[in-house]
Number of protein chains: 2
Amino acid sequence: MLDKAGLILDCFAPERESYRLSELCERTGLPKPTAHRLAADLVRLGWLERTGHRYRLGAKLFELGARVPRRRDLREAALPFLQDLFEATRETVHLGVREGLDVVYVERVHGHDALRLPSRIGGSLPLSCTGVGKALLAFSGPELADEVLAHPLRSLTPRSITDPALLRTALEKAQVAGLAYEEEEAAPGVSCIAAPVFARGTVVAALSVAVPRERFSAARLAPAVRTAALGLSRVLRGGPGG
Amino acid sequence: MLDKAGLILDCFAPERESYRLSELCERTGLPKPTAHRLAADLVRLGWLERTGHRYRLGAKLFELGARVPRRRDLREAALPFLQDLFEATRETVHLGVREGLDVVYVERVHGHDALRLPSRIGGSLPLSCTGVGKALLAFSGPELADEVLAHPLRSLTPRSITDPALLRTALEKAQVAGLAYEEEEAAPGVSCIAAPVFARGTVVAALSVAVPRERFSAARLAPAVRTAALGLSRVLRGGPGG
DNA sequence: AAGTTCGTTCCGTGACACGGAACAACGCCG
DNA sequence: CGGCGTTGTTCCGTGTCACGGAACGAACTT
């Protein structure tokens with residue numbers, strides 16, 4: 001019963017924002033009356049909202065989600081550095097953590113000219129095709145890289161790396177440079193530079209700057225992203241992590 | 001059963017970040033075996049996390065909460081203006097919406113010198129003792145003000161307004177000025193100036209700048225916060241709201 | 001060693017979740 | 001206008017699984 005409620009909520013994963021009852025049924029495999037009753041219960045709890053015949057995620061979930069300590073503390077500690085990074089570069093800035101073989105974005109700061117990116121707060125993307133993901137991957141130890149490379153590499157654009165050997169060398173380069181690069185592998189026309197964030201000696205997050213290809217300049221961005229990552233790492237020295 | 005799960009998750013409302021099983025029992029009124037089984041189920045779903053004998057909210061909830069469209073869209077639209085406002089003032093900036101008789105904070109931007117404030121993203125405070133709350137209250141029509149004034153006014157500090165007449169005149173001043181003020185009513189030593197955000201003719205949010213009392217200057221802050229609120233209102237013209 | 005407090009497991013009972021079936025409300029097409 | 005597919009809603013008998021008292025074990029206190 002909790003599991004079925006979870007199935008329903010998990011339907012809302014992508015950017016589709018509202019669903020009809022019949023859509024929930026076919027995506028969860030639940031019979032109609034069951035989904036109907038469950039959805040009604042979820043609405044009563046404020047976890048779903050209903051307008052007409054469409055269901056969407058409810059405000060109560062936002063409030064609960066914002067209280068998750070692991071995420072909240074990291075975000076709170078990181079925000080000033082993300083601000084610095086944004087002001088220094090005036091480009092779109094990301095903070096992400098690893099969750100299994102994906103990167104989950106915890107914060108995203110941008111100005112009025114937001115890029116069209118697949119990254120969304122709370123959303124996940126493959127580690128192998130984002131800047132933040134590569135930074136996490138390069139500094140998380142060889143076992144993780146092996147595991148990623150054991151599966152076929154997913155891709156988001158035609159330029160996403162799908163060749164294991166190429167990824168392997170990209171990670172090695174990142175390790176020596178302390179920075180990870182990504183070129184139109186997550187979104188066409190957008191490049192990215194990322195740096196790992198450490199706490200107690202292990203990577204706990206990574207932050208990145210995403211910028212239109214034509215405006216990309218490693219010389220300009222590298223020091224800024226490196227500075228921000230080091231500053232955050234220093235603050236986290238004894239703090240969150242695992 | 002869903003309700004009981006909701007009870008458990010609602011325990012985590014305040015800033016206490018982790019609870020033991022027995023604490024969950026006494027706060028929910030659930031018998032021990034029931035809470036135990038439910039907590040285990042929630043852990044399995046990723047909605048709770050368990051370390052040793054302590055439970056905390058799980059990462060899955062963060063991801064779900066970040067997808068709530070009503071909040072996400074507003075935050076996304078507002079972020080560039082919050083950035084502008086922060087850069088113009090270099091003070092702590094808030095974005096909040098109304099939820100019943102409370103304000104819920106949707107975003108909060110600050111630099112390295114974060115103020116010690118009771119406001120937290122996803123957290124709620126009484127409308128009557130915060131800048132954002134007063135702005136929402138002053139421009140939401142008289143029925144809402146009447147309803148707030150029908151209850152005894154809650155307070156967060158000794159200087160929180162508890163006299164209905166005082167609040168009434170404060171709201172009237174806010175209405176003519178287009179700005180709401182707050183002086184150490186939410187946190188000692190912190191003052192605040194706030195402006196309403198409109199979409200389709202009704203208030204949908206408010207944003208504010210909070211600043212240490214000694215640094216407060218209406219002349220400096222008022223134009224900045226007004227500009228940001230108007231800019232956001234313009235972007236939202238046909239967008240979210242309700 | 002005796003006493004608390006807490007987490008965990010067991011298990012018989014009964015409430016309530018379950019979902020097939022039937023119904024109702026639209027929208028579509030001929 | 002009438003037949004048809006689709007979708008949301010309600011009913012209700014069946015069976016399951018959530019329920020929680022009781023008992024157990026571990027850890028800590030006095």
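Fair warning: this is a prediction, and the values are worked out from it, not measured in the lab. Numbers restart at 1 for each chain; the letters A, B, ... are given by sequence-line order, proteins then strands.
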| request: Five pairs at each end of the helix from C:dA1-D:dT30 to C:dG30-D:dC1: take the axis at both ends and give me the angle between them to 10°. | output: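 So the angle between the two local helix axes works out to 30°.
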| message | Checking the side chain of B:Ser233 only, and the main-chain atoms of B:Phe198 only, is there a donor and an acceptor separated by less than 3.5 Å? | response |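 The answer is yes, because a donor-acceptor pair under 3.5 Å joins these two groups.
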| So, B:Arg70 side chain and B:Arg72 main chain: donor-acceptor pair closer than 3.5 Å or not? |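 Such a contact is absent between B:Arg70 side chain and B:Arg72 backbone.
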| query | Can you tell me how far OG1 of B:Thr157 sits from CD of B:Glu185, rounded to the nearest 0.5 angstrom? | reply |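 Those atoms lie 7.0 Å apart.
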| field | Straight-line distance of B:Leu61 CG to B:Glu49 CD, nearest 0.5 Å | value |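 So the gap between those two atoms works out to 9.0 Å.
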| Taking protein heavy atoms under 4.0 Å as touching, what does nucleotides 25-30 of chain D look like 5' to 3' if B marks base contact, S marks sugar-phosphate-only contact and - marks none? | ------
| request: Sequence neighbours left out, what pairs pass ring pair (Phe, Tyr, Trp, His ring centres under 6.0 Å) with at least one residue falling in residues 107-127 of chain B? | output: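 Sorted pair list: A:Phe81-B:His112.
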| field | Where at least one partner belongs to residues 145-161 of chain B, residue pairs that pass salt bridge (charged side-chain N to carboxylate O under 4.0 Å, His left out), sequence neighbours excluded | value |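 Pairs touching residues 145-161 of chain B that pass the test: B:Asp102-B:Arg154, B:Asp146-B:Arg168, B:Arg159-B:Glu184.
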For [N], take OP1 and OP2 only and decide whether either is under 4.0 Å from a side-chain N or O of [X].
| X | N | value |
| --- | --- | --- |
| B:Lys4 | D:dC19 | yes |
| B:Arg20 | C:dC6 | no |
| A:Arg50 | D:dG8 | no |

| task | Could you list by number each residue of residues 33-44 of chain B showing a heavy-atom separation from DNA chain C of less than 4.0 Å, or answer none if no residue does? | result |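 Contacts with DNA chain C under 4.0 Å: B:Pro33, B:His36.
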| field | Positions of residues 21-28 of chain B (non-hydrogen atom under 4.0 Å from DNA chain C), listed by number | value |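 Those residues whose heavy atoms fall under 4.0 Å from DNA chain C, taken from residues 21-28 of chain B in numerical order, are B:Leu21, B:Ser22.
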| field | Sequence-distant partners of B:Ala205, side chain to side chain contact (heavy atoms under 4.5 Å, CB included), two or more places apart | value |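 If we apply the side chain to side chain contact (heavy atoms under 4.5 Å, CB included) test to B:Ala205, skipping adjacent residues, the hits are B:Leu74, B:Leu95, B:Val97, B:Val197.
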| said: According to side-chain hydrogen bond (donor to acceptor under 3.5 Å, both in side chains), who are the partners of B:Glu182, at least two apart in sequence or on a separate chain? | reply: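 Counting only residues at least two positions away or on another chain, B:Glu182 forms no side-chain hydrogen bond (donor to acceptor under 3.5 Å, both in side chains).
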| request: Go through the structure and list residues passing side-chain hydrogen bond (donor to acceptor under 3.5 Å, both in side chains) with A:Arg71, not counting sequence neighbours. | output: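 If we apply the side-chain hydrogen bond (donor to acceptor under 3.5 Å, both in side chains) test to A:Arg71, skipping adjacent residues, the hits are A:Glu99.
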For residues 115-130 of chain A, tabulate all N or O donor-acceptor pairs below 3.5 Å that involve a side-chain atom, not counting sequence neighbours.
{"residue": "A:Ser119", "atom": "OG", "partner": "A:His94", "partner atom": "NE2", "Å": "2.8"}
{"residue": "A:Thr130", "atom": "OG1", "partner": "A:Gly133", "partner atom": "N", "Å": "2.9"}

Distances under 3.5 Å only, N/O to N/O: pair up the protein atoms with those of nucleotides 24-26 of chain C.
none

Please table the atom pairs, donor to acceptor, closer than 3.5 Å between any side-chain atom in residues 23-34 of chain A and protein atoms at least two apart or in another chain.
{"residue": "A:Glu23", "atom": "OE1", "partner": "A:Arg16", "partner atom": "NH2", "Å": "3.3"}
{"residue": "A:Glu23", "atom": "OE1", "partner": "A:Arg20", "partner atom": "N", "Å": "2.6"}
{"residue": "A:Glu23", "atom": "OE2", "partner": "A:Arg16", "partner atom": "NH2", "Å": "2.9"}
{"residue": "A:Arg27", "atom": "NH1", "partner": "A:Tyr19", "partner atom": "OH", "Å": "2.8"}
{"residue": "A:Thr28", "atom": "OG1", "partner": "A:Leu24", "partner atom": "O", "Å": "2.6"}
{"residue": "A:Thr28", "atom": "OG1", "partner": "A:Cys25", "partner atom": "O", "Å": "3.4"}
{"residue": "A:Thr28", "atom": "OG1", "partner": "A:Leu30", "partner atom": "N", "Å": "3.2"}

